[in-house]
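To start, the structure under review is shown below, and the notes come after it.
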Amino acid sequence: MLTVQAPDFSLQHTLECGQAFRWRKHPAAPGPSGEPIPVWYDGVIFGCAVRMRQEGETLIAQTLDPSLTAAHLRHYFALDLDLARVLASIDVDAQIRGAIAQFRGLRVLRQDPWECLASFICSSYNNIKRIEGMIERVSQAYGTSVSFNGFRGCTFPSPETLAAVPERHLRELGLGFRAPYLRATARLVAAGRLPLEQLKTTSYDVARASLMRCDGVGEKVAACVALFGLSHYEAFPVDLWMERAMRYYFRRRRVTAAKVQEFAREHFGAYAGYAQQYLYHYVRTARPG
DNA sequence: CGCCAGGTGCTGA
DNA sequence: TCAGCACATGGC
């Protein structure tokens with residue numbers, strides 16, 4: 001069992017805000033003799049099956065895999081980040097203030113870039129429930145089995161593995177028109193033509209432009225991968241929900257995606273991506289005024 | 001049943 | 001540059 005100090009952190013908001021698709025929640029429930037069983041989440045990170053829960057300011061991970069360390073968890077959940085300072089920097093208007101008040105402790109994850117890229121290719125013109133199912137089926141079909149106490153999960157398959165999968169097979173897993181996109185991108189990455197790790201240290205503009213060379217990756221998916229997989233915190237993904245949130249700032253003016261990105265960077269600053277994720281979760285769940 | 005979904009690529013003005 | 005359209009599928 002691993003424990004990590006996690007001040008200013010909400011496991012629930014972090015895992016349920018729609019940035020990751022592979023965590024399975026077990027709701028809190030009364031146990032056999034009426035004692036409360038807390039909520040936990042099963043997932044697969046760094047190739048390890050893991051069961052996560054939070055007790056106060058402590059994050060607790062259970063795993064059978066000794067290769068998973070507290071340092072891995074601190075990195076994945078971005079616990080090294082001074083969240084108070086980040087939130088103070090983006091707390092610049094009434095709407096974002098409402099979102100922060102509601103979801104304080106939400107942190108932008110540092111997901112595996114390849115899994116993140118593949119996942120968000122699957123996300124286009126789709127809903128979260130079905131995206132989760134698609135990623136899960138791809139993992140079960142082509143990943144490696146890992147488990148913890150009755151939780152049987154699978155790693156997400158490597159680009160090399162997916163590059164060799166016929167498009168037809170991906171369609172049979174329900175990927176629809178995204179099947180050829182995922183396959184083509186897997187081939188690009190497997191061939192070393194898209195150095196995802198390197199894009200963590202380039203400028204956001206370089207990362208964004210590189211990602212958009214992939215089939216099925218446009219402005220929005222590139223921003224998601226840059227934010228959730230490459231820690232480019234200025235990235236500001238705009239989907240249908242965010243377009244609604246943006247009406248708060250643009251009212252009736254017609255705006256392009258580039259204009260929104262420019263506005264967000266100027267309005268919220270270097271951590272605009274954090275503002276995006278708080279607002280996204282807010283408009284989807286809290287129904288702001 | 002019809003509408004919707006963390007969009008993208010292509011086409012034609 | 002930019003509106004208009006097709007694209008697969010299942011959740012609700």
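Nearest nucleotide to the side chain of A:Thr256, out of B:dT8, C:dA8, C:dC2: C:dC2. Which of B:dT8, B:dA5, C:dA8 sits closest to the side chain of A:Asn127 comes down to B:dA5.
Contacts of A:Glu219 with the nucleic acid, taken as non-hydrogen atoms under 4.0 Å apart, involve only primed sugar atoms and P, OP1 or OP2. Among the protein residues, A:Met134 comes within range of no part of the nucleic acid, since none of its heavy atoms lies under 4.0 Å from any strand. Residue contacts for A:Leu175: at a heavy-atom cut-off of 4.0 Å it reaches no nucleic acid atom on any strand shown.
One interatomic measurement links the two molecules: CE of A:Met212 to P of B:dC10, which rounds to 13 Å at whole-angstrom precision. Rounded to a whole Å, the CH2 atom of A:Trp241 is 6 Å from the P atom of B:dA5.
For C:dG10 and B:dG9, the C1' atoms lie 23 Å apart once the distance is rounded to whole Å.
Closest-nucleotide positions on DNA chain C for A:Tyr181 and A:Lys129 were compared, and the one nearer the 5' end corresponds to A:Tyr181.
Shown are A:Tyr249, A:Tyr282, A:Tyr278; of these, the side chain to side chain donor-acceptor pair (under 3.5 Å) with A:Gln95 is made only by A:Tyr249.
Using a 4.0 Å cut-off, no side-chain N or O of A:Arg178 falls inside it from OP1 or OP2 of C:dA8. Contact annotation: A:Arg213 does not reach the phosphate of B:dT8 (side-chain N/O to OP1 or OP2, under 4.0 Å).
B:dG7 has A:Tyr125 stacked on its base ring, the centres lying under 5.5 angstrom apart and the planes within 30 degrees of parallel.
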